[in-house]
Amino acid sequence: MKNTYSRIVVFLMTCIVMLSAGTIYAQQLTIDQRVDSVLKLMTLDEKIGQLNQYSGFEEATGPVTEEADKPEQLRKGMIGSMLNVTGAVKTRQAQEMALQSRLKIPLLFGQDVIHGYRTIFPIPLAEAASWDLEAIELSARVAATEASAAGVHWTFAPMVDISRDPRWGRVMEGAGEDPYLGSLVAAARVKGFQGNCLGNTDALMACGKHFAAYGAAVGGRDYNSVDMSLQQLHNVYLKPYKAAVDAGVATMMTSFNDINGIPATAHKYILRKVLRDKWNFQGFVLSDWGSVGEMINHGYSAGEADAAKAALLAGCDMDMESRCYIKNMKSLVLSGAISEDVIDESVRLILRKKFEMGLFDDPFRFCNEEREKQQWDNRAHRDIARNMARKSIVLLKNDKELLPLKENVKTIAMIGPLVKAVGENNGFWSYSWPDDSVRIVTQWQGILNRAGNQANLLYAKGCGITEPDSSGFKEAVEIAMKADVVIMSVGESANMSGEAKSRSNIQLPGVQEELIKAVYATGKPLVIIINAGRPLVFNWTADHAHAILYTWWLGTEAGNAIADVVFGDYNPSGKLPMSFPRSEGQIPVYYSYFNTGRPPKDENDLNYVSAYIDMPNSPRFPFGYGLSYTSFSISEPVLNTTNITAGEELIIKVTVSNTGNADGTETIQLYFRDKVGSLVRPVKQLAGFQQVFLRKGESRTLTFTLTEKDLRFYNENLEFVSEPGEFDVFVGNSPDNLKGKGFVLD
Ligand code: GLC
């Protein structure tokens, strides 16, 4: 008996030693060695399966193609990733099916976690209006914490498409018109989503999208063609994608549009020459939903096999939902049309991410129901969301300092179709949860929470968002007459912006501006809250309302954040990330335009100049604009020199003073102009900004630097160069309120 026991002990000890050696050995192998060890075992079918991504068993975020027997394909290892499968339970179930495959290669679960998951944050365009990069990074970090706890490995964000066309519904998803701001926001979001290290269980792989130049669709019509010079592509539109790559983004997603006639999903120049060769991108590239197969519609591919071949050879590693790869790739390899080496390279890139995420070590490490519960109602996340929302609000007008509302306001009338709206506050690309009716703070509830004890609140909807029915005007006017102040909440519906939501008319929809006119006629002080996923045109309202807050879509804490600003608990600090046109006819309108050979002398100059005869060239509200409850003075910039050469710094000092009656935050912006170039250069380019909080009466001197590198651009030969000559540098709090000095680059 004793011998048997000792033999068992020896055997167990041996196993433990071998196991630990194996684990140590595995850990000592590099990820690439581990990838290759798996790749060597894979059949061609299994390799192609890794390139195939399907949407989940329930919802879809694109046009659903024919149904596939997904559980069966999972068990055969024919699916490498799924999207729209969330929750610790459901991701575990799908993962268990995948682990029944021969090699048990784990799935990657992707999801559109664009601006929050359980706690919904302001839409990305709103967050960009905060110009607060730390807050933006924290917003993405919270989203990652909540989504990874729900079994998600990978978010299809940040969307970093520059756009200067508010007719395009997806402007809501990006950071606006400017490549400098857009690049900083892109990096902040990638860092926020991915956290300190891919593989931490609170990390999400991020995805820079939509590569590339999707926001320049002709006519602002979603999915439409993009046609621009390579200089414009490099000098403006590619910059935020590069910022995402430089920030270590794990994946990129191709865009639906063609670029100069070649669909982005098969665009070798951007996917291989730029992304991989020039930028040294090490992650993998995912198509957008069905975009491989859509190259047939584009008239670029004759059929699915051609589309699959063109996309893979161009550098698109994974096929989302078109099924072109899973259906055609094997025959393409067997016929010699595609080398298996090309397949192997894409599979390697995908397997590498699965190893980095720790999924080979533990495929269920993100499927933790306990952790999901912990993150489900995280109070701290709501406070972070409220703070982000407050910072995203832009004060466009405040005549006679109507805002913040004063203590003597005893009766407030709240009028408009969005006063009591619930889910609308979340905007597009968000999630609705069964408890939203009690979870989302409506604008009515927010004002009630803040002022319910001190003021009497009256309510009338007045009209719908789009309905041409003005029968509610009478009631609205009646309650306005009883009030000291009227707050109207108007705008779009949440699904009037976002994907496939282009609008040719970006006015306030329905009869809302007529309602505003009717209420305005009562003579009561009028505060307008505008909710939208894009810049809107609202000239009459802008001319007549006494105060205007642009609140975009602010998410779960919308009502509280709006109340914080309305009652002055937070002094608004937002600055527009996009120019607001006076009319659709002005689009595209943006601050960094070229001067042309016939710039108008002023807004009245129509004498053979580049101007409209029926309205000024300038936007209604410019990029970078936003008011405060206090006032700031900004000194003339002081330069350390008027000449710099490469390697030297131009140091610009400016003193900002809070000259008003409230503490507040100002965003001081730095622009420059290259006055003469081998290509014409914009009249202004943002090259720096600093946010400064000043108590009333406080002053602070800020220091900016510019170097020769900041002045570089892609020239006619696509060389990234600076050119000696005269420059102007400007400092201020909006492109329309700047003070400048000249300097020379020698
Ligand atoms: C959509 C969007 C893309 C999204 C994907 C998955 O069509 O264009 O941004 O990530 O499909 O939902």
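Start at 1 and go down the list; that is how both ligands and their atoms are numbered. Throughout, residue positions are numbered sequentially from 1 according to the sequence presented. Every value quoted in this text rests on a predicted model; they were computed, and no experiment measured them.
Annotation: salt bridge (charged side-chain N to carboxylate O under 4.0 Å, His left out) contacts of E146 (sequence neighbours excluded): none. Every residue was checked against the salt bridge (charged side-chain N to carboxylate O under 4.0 Å, His left out) condition with D306, not counting sequence neighbours, and none meets it. Checked against salt bridge (charged side-chain N to carboxylate O under 4.0 Å, His left out), R92 has no partners two or more places apart in sequence or in another chain.
Using a 4.0 Å cut-off between a side-chain N of Lys or Arg and a carboxylate O of Asp or Glu, E321 and R323 qualify as a salt bridge.
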List below, pair by pair, the N or O atoms of ligand 1 and of the protein that are less than 3.5 Å apart, including the distance to 0.1 Å; reply 'none' if no pair qualifies.
| unit_1 | atom_1 | unit_2 | atom_2 | d |
| --- | --- | --- | --- | --- |
| ligand 1 | 7 (O) | D288 | OD1 | 3.4 |
| ligand 1 | 7 (O) | E499 | OE1 | 3.1 |
| ligand 1 | 7 (O) | E499 | OE2 | 3.0 |
| ligand 1 | 8 (O) | R170 | NH1 | 2.7 |
| ligand 1 | 8 (O) | R170 | NH2 | 3.4 |
| ligand 1 | 8 (O) | D288 | OD1 | 3.3 |
| ligand 1 | 8 (O) | D288 | OD2 | 2.6 |
| ligand 1 | 8 (O) | E499 | OE1 | 3.4 |
| ligand 1 | 9 (O) | R170 | NH2 | 2.8 |
| ligand 1 | 9 (O) | K209 | NZ | 2.7 |
| ligand 1 | 9 (O) | H210 | NE2 | 2.6 |
| ligand 1 | 10 (O) | D112 | OD1 | 2.5 |
| ligand 1 | 10 (O) | K209 | NZ | 3.0 |
| ligand 1 | 11 (O) | D288 | OD1 | 3.1 |
| ligand 1 | 12 (O) | T61 | OG1 | 2.5 |
| ligand 1 | 12 (O) | D112 | OD2 | 2.5 |

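Between W168 and Y223, a ring centre-to-centre spacing not shorter than 6.0 Å is recorded.
When the options D161, N257, D222 are evaluated for a side-chain hydrogen bond (donor to acceptor under 3.5 Å, both in side chains) with Y214, the one that passes is D222.
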